Amino acid sequence: MKHFALAGNPNCGKTTLYNALTGSNAHVGNWPGVTVEKREGDYKKLDELISIVDLPGIYSLSPYTPEEVISRRFIVDDKPDCVINIVDATNLERNLYLTTQILEMDVPVVIALNMMDVVEKNGDKIDIKALEKEIGCPVVAISAQKGTNLDELMEVAYETSNKPRKGFSVLSGSKIGPFIDEITKCMEEEGVPSPMYHAIKFIEGDFIEQSHSDKISGIVEEYKKNFNDEIFGSDLEALIADGRYNYIVNHYSCHKVKAVTDIKAENKSYKIDKVLTNKWAGIPIFLVILFLLFHLTFSENLFFLGVLFENVSPSFEGSIFEGLFWTDSGINSLGVILQNFVVSITDWLSGLAADGLSSAPGWVSGFLVDGVLAGVFAVLSFVPQILLLFLFFSILEDTGYMARIAFILDRIFRKFGLSGRAFLPMIMGFGCSVPAMINTRTLADEEERIATVRVIPFFSCGAKLPILTAIAGCICQLFGFPNVDIITYSMYVVGIATAIITVILMKKTVMRGKTPPFIMELPQYHMPQPKALMIHLWDKLKGYVKKAFTIILASTIVIWFLQSFTFSWKYIEQVNPVDLANEIFEDFKTDEPNIAVIEEINSEYVENGEVVVDLPTFVADYQEAEDAE
Ligand code: GDP
Ligand code: MG
């Protein structure tokens with residue numbers, strides 16, 4: 001029986017290939033000590049039984065994530081008979097980065113060029129023969145999903161597994177090539193397996209590369225002391241990474257010819273990125289975009305046009321659209337219009353219910369209208385704005401802009417000791433903290449993971465939004481500030497700032513490690529799929545409505561009970577402020593008016609001992625005062 005391993009980037013199609021090869025006889029378990037799935041199954045179509053292991057998806061053989069460590073240990077220590085390196089042909093450059101590292105190990109390698117169906121559909125062409133010659137090991141074009149060429153791949157792999165292979169490095173011809181050769185020889189003399197791979201890892205300063213003999217350590221130390229590159233200084237790890245990419249571009253990916261339209265789309269993405277991820281403009285643009293989203297969702301003074309409205313012709317006043325589309329302070333944003341719409345419907349329903357229950361005992365209508373309906377409707381009134389904001393965030397995600405934000409923020413976070421990788425879970429925190437925290441599992445080291453989990457709650461999630469909006473409303477009312485959107489936006493920004501400050505504090509006090517490098521993929525910009533957006537929105541809506549009718553309904557009923565009954569179970573009538581105002585006003589008119597009380601409410605209502613205010617004005621003022629209270 002032979003052992004083959006499938007290695008490749010995340011999402012290159014490893015599991016698809018694995019399933020196609022092994023059918024249903026897979027054993028799924030975990031790699032020892034970590035919660036990374038391990039799959040092992042058999043391929044039976046050759047004369048000899050082949051056991052196949054699906055290694056975790058990785059971008060590099062660096063020592064930074066459990067997945068990377070598992071994969072490199074497995075290839076070096078368990079010595080599979082052949083490594084099938086799956087390469088996503090639609091993304092050659094990034095995928096071949098891992099390949100250049102696998103090639104350095106003394107193990108037979110076959111390259112499975114996957115997703116060839118997509119390449120063909122796009123009209124791109126790859127010169128497989130030329131690529132094979134450059135890489136120096138067999139390359140088989142397959143489509144794991146369509147099942148194309150899979151048996152051929154296995155035959156080639158089987159043949160290859162019979163011929164031992166020596167490691168080869170794309171760095172051999174580079175500036176540090178001779179040095180790599182020197183250390184490789186030393187390792188070889190000492191009987192280290194895969195000497196070239198270990199030599200390069202050791203030179204990179206890889207921290208899980210065991211210390212080697214004093215002789216080798218001495219040579220490497222000495223070399224590093226004298227090494228100074230004009231671009232990378234003494235950072236050998238960066239120099240090596242750069243060397244790999246240069247080689248890939250010059251020798252490998254040049255064998256792919258892109259269809260013209262493809263290039264156009266790529267150029268467009270590139271041009272947009274020049275602006276959006278610009279060193280200086282990137283963050284201000286992000287803040288402006290974020291502000292616009294909040295403005296469109298919460299503002300009652302859209303684009304600050306309210307000033308223009310001050311002298312608007314009075315013929316608009318009092319139309320049914322006033323309030324819905326605009327108020328004295330300006331035009332309503334989309335979010336506010338939708339909210340007003342929902343509120344006017346729920347108000348109407350409450351009114352109907354109250355009328356219908358007018359002959360019922362006070363506590364019955366109190367319970368149904370003020371308890372049940374008021375609670376549920378209060379939650380529903382937030383739904384339009386939450387959905388709208390969520391829609392905006394989904395659009396940012398689907399267009400590929402969120403990935404750019406992680407990239408932009410990496411530059412800042414790096415200074416404080418976190419990588420941009422940590423920012424992806426944090427951004428997920430805007431949606432919901434729980435999956436965001438679960439997602440930190442992908443982070444490189446324990447410290448970074450803990451730091452990230454600690455600050456995720458500062459990224460306000462959807463569930464916190466109603467509370468933030470309510471607080472923002474209170475602040476605006478208290479200080480007479482008209483722009484709720486600015487307050488809500490500021491709360492988000494303060495949250496992000498707090499997260500950053502927290503990380504700095506942690507880094508200065510309890511955690512002092514080195515920040516791992518960050519490699520991420522910037523997807524091309526594309527239009528979001530309306531269908532996918534709708535599915536997201538529908539899920540979110542369902543969640544809210546369910547909550548409104550369960551937990552929130554139950555709690556409002558409890559609160560209503562606590563508010564409406566004395567300790568001796570006596571119902572306290574809730575008095576309608578309008579009725580009360582009427583009553584007070586009648587008192588003023590008929591019986592001897594108590595001037596002092598009227599003056600207390602508003603001194604302008606009394607002139608020379610006479611009441612000088614009409615009923616509607618008084619009722620309106622009174623109600624406003626009550627509301628404010
Ligand atoms: P893994 O992360 O490497 O295990 O990748 P998966 O096997 O989960 O595949 C990722 C995605 O790529 C899935 O949606 C697959 O259906 C898709 N996929 C895999 N192989 C192919 C292929 O040959 N052609 C196309 N079009 N899609 C593929
Ligand atoms: Mg997989």
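A quick note: this is a predicted structure, and the numbers were derived from the prediction, not measured. When a ligand or atom number is given, it counts from 1 through the structure's own listing order. The first residue in the sequence is number 1, and the count goes up from there.
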| field | Atom indices of ligand 1 within 4.0 angstrom of Ser143 heavy atoms, with elements | value | 22 (C), 23 (O), 24 (N)
| said: Please classify the Asp117 to ligand 1 contact at 4.0 Å (heavy-atom distances, strictly less than): side chain, backbone, both or neither. | reply: side chain
| request: Give a yes-or-no answer on whether the side chains of Tyr43 and Asp151 include a donor-acceptor pair shorter than 3.5 Å. | output: yes
| message | Whether the Tyr245 and Glu93 side chains hold a donor-acceptor pair (N or O, under 3.5 Å, no angle test) is what I'd like checked. | response | no
| note | Checking heavy-atom distances from atom 5 (O) of ligand 1 to each of Gly13, Ala89, Gly8, the winner is Gly13
| Proximity to ligand 1 by part of Thr16, non-hydrogen separation under 4.0 Å | both
| Counting distance only, does the side-chain N/O of Glu104 pair as donor-acceptor with the main-chain N or O of Ser169 below 3.5 Å? | no
| message | Taking the six-membered ring for Trp, are His251 and Tyr247 closer than 6.0 Å centroid to centroid? | response | yes
Just distance, no hydrogens or angles: give the donor-acceptor pairs under 3.5 Å from side chains in residues 116-124, sequence neighbours left out.
{"unit_1": "Asp117", "atom_1": "OD1", "unit_2": "Ser143", "atom_2": "OG", "d": "3.2"}
{"unit_1": "Asp117", "atom_1": "OD2", "unit_2": "Lys146", "atom_2": "NZ", "d": "3.2"}
{"unit_1": "Asp124", "atom_1": "OD1", "unit_2": "Ala259", "atom_2": "N", "d": "2.8"}

| Do you know the tightest heavy-atom contact between Ala199 and Ile180? | CB-O, 4.3 Å
| query | Which atoms of ligand 1 have any heavy atom of Asn114 under 4.0 Å away? | reply | 20 (N), 21 (C), 22 (C), 23 (O)
| said: Counting only nitrogen or oxygen atoms and a 3.5 angstrom limit, does Leu17 reach ligand 1? | reply: no
| query | Of all residues at least two apart in sequence or in a different chain, which pass the salt bridge (charged side-chain N to carboxylate O under 4.0 Å, His left out) check with Glu68? | reply | none
| Which of the numbered atoms in ligand 1 are below 4.0 angstrom from a heavy atom of Thr15? | 1 (P), 4 (O), 7 (O)
| Atom indices of ligand 1 within 4.0 angstrom of Cys12 heavy atoms, with elements | 3 (O), 5 (O)
| remark: Min over Met115, Met116, Lys146 of heavy-atom distance to atom 28 (C) of ligand 1 lands on Met115
